[in-house]
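Step one of this worksheet: look at the structure below.
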Amino acid sequence: MSTNQEKRDDLQKRKQVAMAGGGEKAIAKQKESGKLTARERIDSILDPGSFQELDLFIQHSARDFGMEKKYLAGDGVVAGTGTVNGRPVCIYAQDFTVTGGSLGFMHAMKICKVMDHAINLQMPLIGINDSGGARIQEGVRALAGYGEIFYRNTKASGVIPQLSVILGPCAGGAVYSPALTDFVFVVDQVSKMFITGPEVIKSVLGEEISQEDLGGARTHAEITGNAHFYAKTEQECFAQIKELLGLIPHNNREKARAAEPVPPQTSYKIEDIIPDDVRKPYDVRHIIRAISDNSQFLEVQELFAPNIVVGFGRMNGQTVGFVANQPLVMAGVLDVDSSDKCARFIRYCDAFNIPLVTFVDLPGYLPGVDQEHAGVIRHGAKILYAYSEASVPKITVILRKAYGGGYIAMCSKHLHSDFVYAWPTAEIAVMGSAGAANIIFRKEIKESENPEATRAEKVAEYSGKFANPYVAASYGYVDAVIDPAETRQAVANALNLSLNKHVETPCRKHGLPPF
């Protein structure tokens with residue numbers, strides 16, 4: 001009979017084998033490709049010494065094609081709990097050194113167990129994807145595993161933050177788990193996401209395309225919008241994860257952890273940011289940094305649909321979600337992609353009790369056949385739905401142009417913004433002065449002896465009436481016209497007043513957003 005010491009020694013040996021991944025050669029190959037191992041990635045994200053592993057000794061259940069003879073360390077995935085910034089999280093990392101991180105049924109069940117822990121214990125979930133896809137030796141059992149994961153992604157949505165980190169290939173059905181989560185992180189030259197690989201595209205369509213162009217990090221961060229954070233290195237990616245988790249609540253029953261208030265940096269002078277010439281653009285991110293604590297702002301989807309800016313910062317120590325039109329890009333118009341980006345961010349903030357601060361400067365929705373055919377009506381309605389449904393505190397500041405449907409969509413008083421402020425530079429109207437004058441005074445301009453002079457006169461007349469916020473203020477659509485220098489104080493006061501906001505919603509199972 002074995003002694004207690006022998007049993008403890010046996011445990012340590014078993015642990016060493018189970019933690020060895022795919023072996024020295026496979027690990028060396030992973031390193032040569034510029035990637036960290038699954039365990040190194042987990043250790044880089046979590047607080048030192050906090051990782052508590054689950055299911056170290058799990059093995060696959062495949063019995064075909066000689067699989068019954070194979071030992072797969074941890075079945076190709078490392079999972080457990082730990083802390084980030086001192087707060088608990090659940091985490092898993094697929095191990096590419098073990099059969100390419102392929103997903104079989106027990107691999108999936110291991111992931112599902114840690115997902116269930118995250119949901120039941122109300123803590124964030126971090127999933128690190130590095131896998132060649134479904135384990136073909138397991139057939140439908142592998143597909144069943146994916147389905148179980150997708151179901152839990154959906155059940156966890158709006159309950160706990162779900163972060164997907166793509167640090168290798170993520171192909172075929174595997175891509176749908178990240179697509180169902182809240183935030184997707186990608187790393188340049190490392191992350192690959194696609195439904196169908198280049199080989200299949202070549203055989204079916206005869207087209208040559210690289211993995212990077214098809215579904216690389218830059219592609220998803222800039223073109224598809226599937227990625228929310230883009231990094232040059234894995235370590236930069238891990239820093240982004242930690243910063244995000246420090247800003248958001250760890251479940252939908254609490255608010256984000258407060259920090260010590262810090263004034264904005266003095267280098268951002270808010271009253272000097274907007275040019276006197278209304279035709280000149282400016283970077284709206286400077287407005288955000290001019291009022292946020294320590295001028296810090298974590299932008300989400302920075303490279304995708306840059307005509308709108310969304311992200312997280314703090315006001316007087318409290319996390320807020322910032323939404324702002326970006327005059328530097330397409331004059332800040334709303335189009336199909338920016339509408340999707342904006343609406344999704346609004347819904348996230350509303351689900352997790354994060355107040356919304358909106359800065360408005362746009363000429364409206366983008367016109368044109370391409371946008372109409374792409375469904376700008378349906379996509380544009382997503383912003384209207386998201387803002388209308390949001391029950392968190394909503395504060396709006398109109399900086400300059402607010403024309404047409406864009407004025408309504410950007411959290412106007414008519415969508416029940418709690419507080420609407422306007423700068424003296426605000427222009428609130430159906431359209432710009434030149435276009436409006438050409439329509440309203442078309443006959444007078446046409447019949448005038450000097451049409452150009454008459455047009456200029458009528459443009460000035462229309463501009464004098466609407467190129468200011470006071471008409472809207474006279475109807476109560478603007479609560480106060482403020483000096484730019486008063487913006488931080490006005491927004492902070494509004495947020496403080498809204499701390500205990502409560503909205504009664506109609507009894508319903510759920511609404512029907514314009515998906």
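Note that the structure is predicted; figures quoted are calculated from it, not measured. Only heavy atoms go into these numbers, but all of them, side chains included; no hydrogens, no water, no symmetry mates.
- Ionic pairing of Glu222 and Arg218 is present here: one or more N-O contacts between side-chain nitrogen and carboxylate oxygen are shorter than 4.0 angstrom.
- By the neighbour-count criterion of 12 heavy atoms within 6.0 Å, atom CZ of Arg87 is densely surrounded, having more than that number from other residues, nucleotides or ligands.
- Between Asp95 and Arg39 there is no salt bridge, since no side-chain nitrogen of the basic residue lies less than 4.0 Å from a carboxylate oxygen of the acidic one.
- In this structure, OG on Ser417 lies 9.0 Å from CZ on Phe419, to the nearest 0.5 angstrom.
- The number of heavy atoms from other shown groups lying within 6.0 Å of CG (Leu121) is above 12.
- The nearest pair of heavy atoms linking Lys394 to Cys411 is CB-SG, 3.7 Å.
- The pair Lys202-Glu207 does not meet the salt-bridge criterion, since no charged nitrogen lies less than 4.0 angstrom from a carboxylate oxygen.
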Glu138 and Asp64: CA distance, side-chain angles, deciding distance, side-chain contact (heavy atoms from CB on, under 4.5 Å) verdict: CA-CA 8 Å; Glu138 295 197 30; Asp64 298 307; over 6 Å; no
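- Shown here for Pro124 and Ala118, the closest heavy-atom pair between the two residues is O-CB, 4.4 Å.
- Lys29 has no carboxylate O lying under 4.0 Å from a charged side-chain N of Glu24, or vice versa, which leaves the two without a salt bridge.
- Side-chain atoms of Thr358 and Tyr387 form a donor-acceptor pair, as typed in the model, at a separation below 3.5 Å.
- Side-chain contact between Phe345 and Val323: present, with at least one pair of heavy atoms (C-beta onward) separated by less than 4.5 Å.
- Looking only at side-chain heavy atoms (C-beta outward), Thr181 and Val184 come within less than 4.5 Å of each other.
- Heavy-atom minimum distance, Asp182 versus Ile160: OD2-O, 3.4 Å.
- Rounding to the nearest 0.5 Å gives a distance of 15.5 Å between CZ of Arg14 and CE of Met19.
- Using a 4.0 Å cut-off between charged side-chain N and carboxylate O, Glu299 and Arg285 make a salt bridge.
- Of the possible polar contacts, one joining the Asp350 side chain to the Val392 backbone as a donor-acceptor pair under 3.5 Å is found.
- Considering all non-hydrogen atoms of both residues, Met123 and Pro88 come closest at CB-O, 3.6 Å.
- Note that CD of Gln318 is 7.5 Å distant from NZ of Lys255, once rounded to the nearest 0.5 Å.
- Using modelled atom types, no side-chain atom of Ser191 and backbone atom of Val186 make a donor-acceptor pair closer than 3.5 Å.
- Val165 is listed as a side-chain neighbour of Ile241, based on a closest heavy-atom distance under 4.5 Å.
- When side chains are defined from C-beta on, Asn325 counts as touching Leu334, because their heavy atoms get closer than 4.5 Å.
- A cation-pi arrangement, defined by a distance under 6.0 Å to the six-membered ring centre and an angle within 45 degrees of its axis, is present between Lys35 and Phe96.
- Of all heavy-atom pairs spanning Val175 and Phe194, the tightest one is CG1-O, 3.7 Å.
- For the pair Ser339 and Val376, the minimum side-chain heavy-atom distance is 4.5 Å or more.
- Formation of a donor-acceptor pair under 3.5 Å by the Asp293 side chain with backbone atoms of Asn316 is found in this model.
- Inspection of the His107 and Lys110 side chains reveals no N or O donor paired with an N or O acceptor under 3.5 Å.
- Asn307 places no side-chain N or O within 3.5 Å of a backbone atom of Val329 that could act as its donor or acceptor partner.
- A salt bridge links Arg508 to Glu389: at least one charged side-chain nitrogen sits closer than 4.0 Å to a carboxylate oxygen.
- Looking at Gln162 and Asn153, their side chains do bring a donor and an acceptor atom within 3.5 Å of each other.
- Lys341 places a side-chain N or O within 3.5 Å of a backbone atom of Gln301 that can act as its donor or acceptor partner.
- Checking side-chain atoms of Glu6 against main-chain N and O of Thr3 turns up a donor-acceptor pair under 3.5 Å.
- More than 12 non-hydrogen atoms from other residues, nucleotides or ligands lie less than 6.0 angstrom from CD of Gln5.
- Between the side chains of Glu504 and His502, a donor-acceptor pair is found at a separation under 3.5 Å.
- More than 12 heavy atoms of other residues, nucleotides or ligands lie within 6.0 Å of NZ in Lys501, so this atom counts as buried by the packing criterion.
- Between Thr81 and Ile91 the shortest side-chain heavy-atom distance does not fall below 4.5 Å.
- For the pair Asp130 (side chain) and Gln94 (backbone), a donor-acceptor distance under 3.5 Å is absent.
- Ring pair Phe312/Phe183 is perpendicular by interplanar angle, where above 60° counts as perpendicular and below 30° as parallel.
- Between the side chains of Arg135 and Ser102, at least one donor N or O sits under 3.5 Å from an acceptor N or O.
- To the nearest 0.5 Å, atom OG1 of residue Thr224 and atom CE of residue Met193 are 7.5 Å apart.
- The NE2 atom of His250 lies 12.5 Å from the CG atom of Leu125; values are rounded to the nearest 0.5 Å.
- Lys15 and Glu53 are not joined by a salt bridge, as no carboxylate oxygen comes within less than 4.0 angstrom of a charged side-chain nitrogen.
- Applying the side-chain hydrogen bond (donor to acceptor under 3.5 Å, both in side chains) rule to Glu148 yields the partners Arg152; only residues at least two apart in sequence or on another chain are considered.
- Closest approach of Ser164 to Asn129, counting heavy atoms only: CB-ND2, 4.2 Å.
- Remark: the Tyr230 side chain and the Asp188 side chain contain an N/O donor-acceptor pair separated by less than 3.5 Å.
- In this structure, Thr219 contributes its side chain and Leu214 its backbone to no donor-acceptor pair below 3.5 Å.
- Shown here is Phe150, whose CZ atom has more than 12 heavy atoms of other residues, nucleotides or ligands within 6.0 Å.
- Looking only at distances, no side-chain donor or acceptor of Glu243 sits under 3.5 Å from a matching main-chain atom of Ala239.
- Between the side chains of Ser498 and Asp418, no donor-acceptor pair is found at a separation under 3.5 Å.
- Heavy atoms from other residues, nucleotides or ligands lying under 6.0 Å from CD1 of Ile136 number 12 at most.
- We find the CG-CZ distance between Asp75 and Phe57 to be 14.5 Å, quoted to the nearest 0.5 Å.
- Looking only at distances, no side-chain donor or acceptor of Asp55 sits under 3.5 Å from a matching main-chain atom of Ile58.
- No side-chain donor from either of His60 and Arg141 sits under 3.5 Å from a side-chain acceptor of the other.
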